[in-house]
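A quick write-up on the structure given underneath.
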There are 2 protein chains.
Amino acid sequence: MKRTRTTTRKAPKRPATMAEVAVRAGVSAMTVSRALKSDGAVSEETRQRILAAVEELGYVLDLSAGALSSKRTGFVAALIPSINNSNFSDTARGITEAIEGQGLQMLLGYTDYDIDKEEQLVRAMLTRRPDGIIVTDGRHTPKARRMLQSAGIPVVETWDLPADPIDHVVGFSNAEASRALVHRLYQKGYRNIAFIGGASRRDTRGADRRLGYKRAVEELGLPVGRTISFGNPPISMQQGGEAIVQLIEQWPDVDAAVCVSDLSAFGAIMECHRRGWAVPGRIAVAGFGDFEVSRCSWPRITTVAVDCRNIGLEAGSVLLRAIDDIRDGRRPGPETLIVPFEVIEREST
Amino acid sequence: MKRTRTTTRKAPKRPATMAEVAVRAGVSAMTVSRALKSDGAVSEETRQRILAAVEELGYVLDLSAGALSSKRTGFVAALIPSINNSNFSDTARGITEAIEGQGLQMLLGYTDYDIDKEEQLVRAMLTRRPDGIIVTDGRHTPKARRMLQSAGIPVVETWDLPADPIDHVVGFSNAEASRALVHRLYQKGYRNIAFIGGASRRDTRGADRRLGYKRAVEELGLPVGRTISFGNPPISMQQGGEAIVQLIEQWPDVDAAVCVSDLSAFGAIMECHRRGWAVPGRIAVAGFGDFEVSRCSWPRITTVAVDCRNIGLEAGSVLLRAIDDIRDGRRPGPETLIVPFEVIEREST
DNA sequence: CTGTTAGCGCATTCAC
DNA sequence: GTGAATGCGCTAACAG
């Protein structure tokens, strides 16, 4: 790395305040405030004068001051397991799309699939006094749960169907989705189906998917216990490759593998190519999440699709409604929205 | 989708304030403030009493109020082109890691590769009075540039080496990296090298990579103009597949394709599999960015690797230093940090 | 349509 | 080691 540094600079100037704009425009600060939010009742003439002053001074509204006085920060906190997983970043996009039109801004945090880190993040987020908060998953530390309940703001749990929701829910049952996938494989004729996933503690969605798999093979009377676990979730593409090798060594008669996500499924399939194992001829492989890589890989990968962006859009609008309800003194009960999933059969099975 | 709603609820209670904690602990608000930031000089006994009161009331510090009074929000704004591109989300992770130990929090925005959206986002971010801001790229609208310059906070431009930096820089030359890749392919014996990318306006890094390609083929005396452009960046995996088909139809003698990113390279390679074109036998394919998919796909994909997380880490620490400098009244000049890139040869070439 | 007054919740500054 | 006064920059509420 090469590092360069040039000469010193002049002192930065303090940004202009609303009061300074007011003086320049020959009005009161309050009128400036009104002119700057479109709803304000200000004559067109003074508004123009104010906007000119704003332009000349390079004024930018200070929302952190505004928040203190209006008691609404305009923040929506969102916690996702990982920013690097496109399923969750799609949800984050959806949240942004839902709220940005309303002048709200997202405060994003990622938990690394760790509920203790989630607790820290909840505390850090509440410190910013968001108007609402969206979390992934319905499992939290007792402290985190308590903080969320007593924050006095609406909460939306997503990507899950908690048995005992904190407040609102926008999600689906990962176990049911996984179970449906195994049933579909059964219909296609597979009779010895394995599961590849991470060690379960941290990734609760992964654990639910494993549970759904387990239920399915039991109720179908298939051989049970064909499960490969690989270190800390999220299990990577590379680990998917290692896992399928281990799987085939351990149970050579397995004819299909259900992976906890498309990423591990993809890694598994590529490793099969490398070893000359035909997919689905030697072994069928399915994933979860309908990532882009599954739609383009060769073979294309059978998966469970959920509309991730839509989870974000819906969570955002549920939250917006709840925020408005609170502001206007209404108090309807919590809402639960179950989003659909779909098993998509492709070339890999 | 299934929607459920239960009965009404009771009114949410307002969160406790520092003054209430103070009353309960029998001290002044100022002492509570000091007890809550570890540096504060408070006797161990009163601190315990205060922490107990905090616990009982479920008190959470209100940073938006603290920010107003201390004139430091504790926010670092970061703008990346897309939250869905793992290169940039790795950089965002790096930024988070660099700053979270210092009690700073990231405000993330994504520009969708659009400098007009960047301008809007810069304005929106400044509205939150961040203590510093990190942007991707060195190209901005004139207004955005002016806002960044006059915000009075340190700015770091990343992922690029702007000719005329606003302030600090942590980046590399995309053109040089791309050029190095073409030279490497030349050394391997390829003599008819094409480029696959998006239409250039929006993605300036993509445009730089194309420029580096162009320079390289010119200086090597190779056939020029072998370029396929595909819609709006970022070009997807799917579009990579379509592009390579178009490429081979148009110039059947091309022996290597350089893609603007690993994602399009991957899509291209998978499409080649599908059509029975051997990679690298029929055509070699290289990407850019060293995405996970390139390390696991079959064949593994030749690419240019940049340490994305490190760009974030360095950008974060440059910014931290600059923030401290300003706070302590020092005024050193802007820093420029050139991070290395590396051409990684793999099976696809 | 516009101005005045007051105060949001905290940290800075200066006392003690 | 602790407290009191003051103000950060803005907006709610009311008055005109």
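Chain identifiers are assigned alphabetically (A, B, ...) following the order of the sequence lines, protein sequences preceding nucleic acid strands; residue numbering begins at 1 within each chain. Treat the numbers as computed from the prediction; the structure is a model and nothing was measured.
- Residue B:Ser69 is the one, among B:Ser69 and A:Ser33, whose nearest nucleotide of DNA chain D lies closer to the 5' end (criterion: closest heavy atom).
- In this structure, B:Tyr110 has no ring pair (Phe, Tyr, Trp, His ring centres under 6.0 Å) partners at least two apart in sequence or on a different chain.
- Using a 4.0 Å cut-off between charged side-chain N and carboxylate O, B:Arg139 and B:Glu118 make no salt bridge.
- Taking 4.0 Å as the cut-off between side-chain N and carboxylate O, A:Arg93 and B:Asp112 count as a salt-bridged pair.
- With B:Thr127 contributing its side chain and A:Leu61 its backbone, the two residues share a donor-acceptor pair below 3.5 Å.
- For B:Phe88, the ring pair (Phe, Tyr, Trp, His ring centres under 6.0 Å) test picks out B:Trp159, with sequence neighbours left out.
- Between the side chain of B:Thr31 and the main chain of B:Val27, no donor-acceptor pair closer than 3.5 Å is present.
- For the contact set between residues 50-61 of chain B and DNA chain D, defined by any heavy atom under 4.0 Å, there are no members.
- With B:Thr158 contributing its side chain and B:Val135 its backbone, the two residues share a donor-acceptor pair below 3.5 Å.
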Between the protein and nucleotides 1-5 of chain C, which nitrogen or oxygen pairs come in under 3.5 angstrom?
unit_1	atom_1	unit_2	atom_2	d
C:dT2	OP1	A:Ser43	OG	3.2
C:dT2	OP1	A:Thr46	OG1	3.3
C:dT2	OP2	A:Ser43	N	2.8
C:dT2	OP2	A:Thr46	OG1	3.0
C:dG3	OP2	A:Ser28	N	3.0
C:dG3	OP2	A:Ser28	OG	3.1
C:dG3	OP2	A:Thr31	OG1	2.5
C:dG3	N7	A:Arg34	NH2	2.7
C:dG3	O6	A:Arg34	NH1	3.3
C:dG3	O6	A:Arg34	NH2	3.2

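- Residues of residues 14-22 of chain A that place a heavy atom closer than 4.0 Å to DNA chain C do not occur.
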Pair A:Arg34-A:Arg47, side-chain contact (heavy atoms from CB on, under 4.5 Å): steps then yes or no: CA-CA 9 Å; A:Arg34 281 194 271 254; A:Arg47 166 181 269 104; over 6 Å; no
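- Scanning for ring pair (Phe, Tyr, Trp, His ring centres under 6.0 Å) contacts around A:Phe75 gives B:Phe75, with sequence neighbours left out.
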After noting the C-alpha distance and the side-chain angles of B:Ile80 and B:Asn85, does the key distance pass the side-chain contact (heavy atoms from CB on, under 4.5 Å) rule? CA-CA 9 Å; B:Ile80 59 179; B:Asn85 177 305; over 6 Å; no
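- Comparing the local axis fitted to the first five base pairs of the helix from C:dC1-D:dG16 to C:dC16-D:dG1 with the one fitted to its last five gives a bend of 30°, rounded to 10°.
- If you check residues 123-131 of chain B against DNA chain D, you find no residue with a heavy atom closer than 4.0 Å.
- In this structure a side-chain-to-backbone donor-acceptor pair under 3.5 Å is present from B:Glu157 to B:Ile166.
- Residues forming a side chain to side chain contact (heavy atoms under 4.5 Å, CB included) with A:Thr17 (at least two apart in sequence, or on another chain): A:Arg14, A:Ala19, A:Glu20.
- Here the P atom of nucleotide C:dA11 and the CZ atom of B:Arg72 are 13 Å apart, to the nearest Å.
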Quick one: do A:His168 and A:Val155 satisfy side-chain contact (heavy atoms from CB on, under 4.5 Å)? Show the steps, please. CA-CA 6 Å; A:His168 308 281; A:Val155 178; over 6 Å; no
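- Take A:Arg145 and apply the salt bridge (Lys or Arg N to Asp or Glu O under 4.0 Å) test, not counting sequence neighbours, and it matches A:Asp164.
- Contact annotation: B:Lys71 does not reach the phosphate of C:dC10 (side-chain N/O to OP1 or OP2, under 4.0 Å).
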side-chain contact (heavy atoms from CB on, under 4.5 Å) between B:His140 and B:Glu119: does it pass, once the steps are laid out? CA-CA 7 Å; B:His140 318 279; B:Glu119 179 186 316; over 6 Å; no
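- Take B:Arg129 and apply the side-chain hydrogen bond (donor to acceptor under 3.5 Å, both in side chains) test, not counting sequence neighbours, and it matches no residue.
- Between the side chains of A:Ser64 and A:Asp62, at least one donor-acceptor pair of N or O atoms lies under 3.5 Å.
- With respect to A:Arg321 and A:Asp324, no salt bridge is recorded, no charged nitrogen being found less than 4.0 Å from a carboxylate O.
- Interface limits on DNA chain D: the 5'-most and 3'-most nucleotides within less than 4.0 Å of chain A heavy atoms are D:dG9 to D:dA13.
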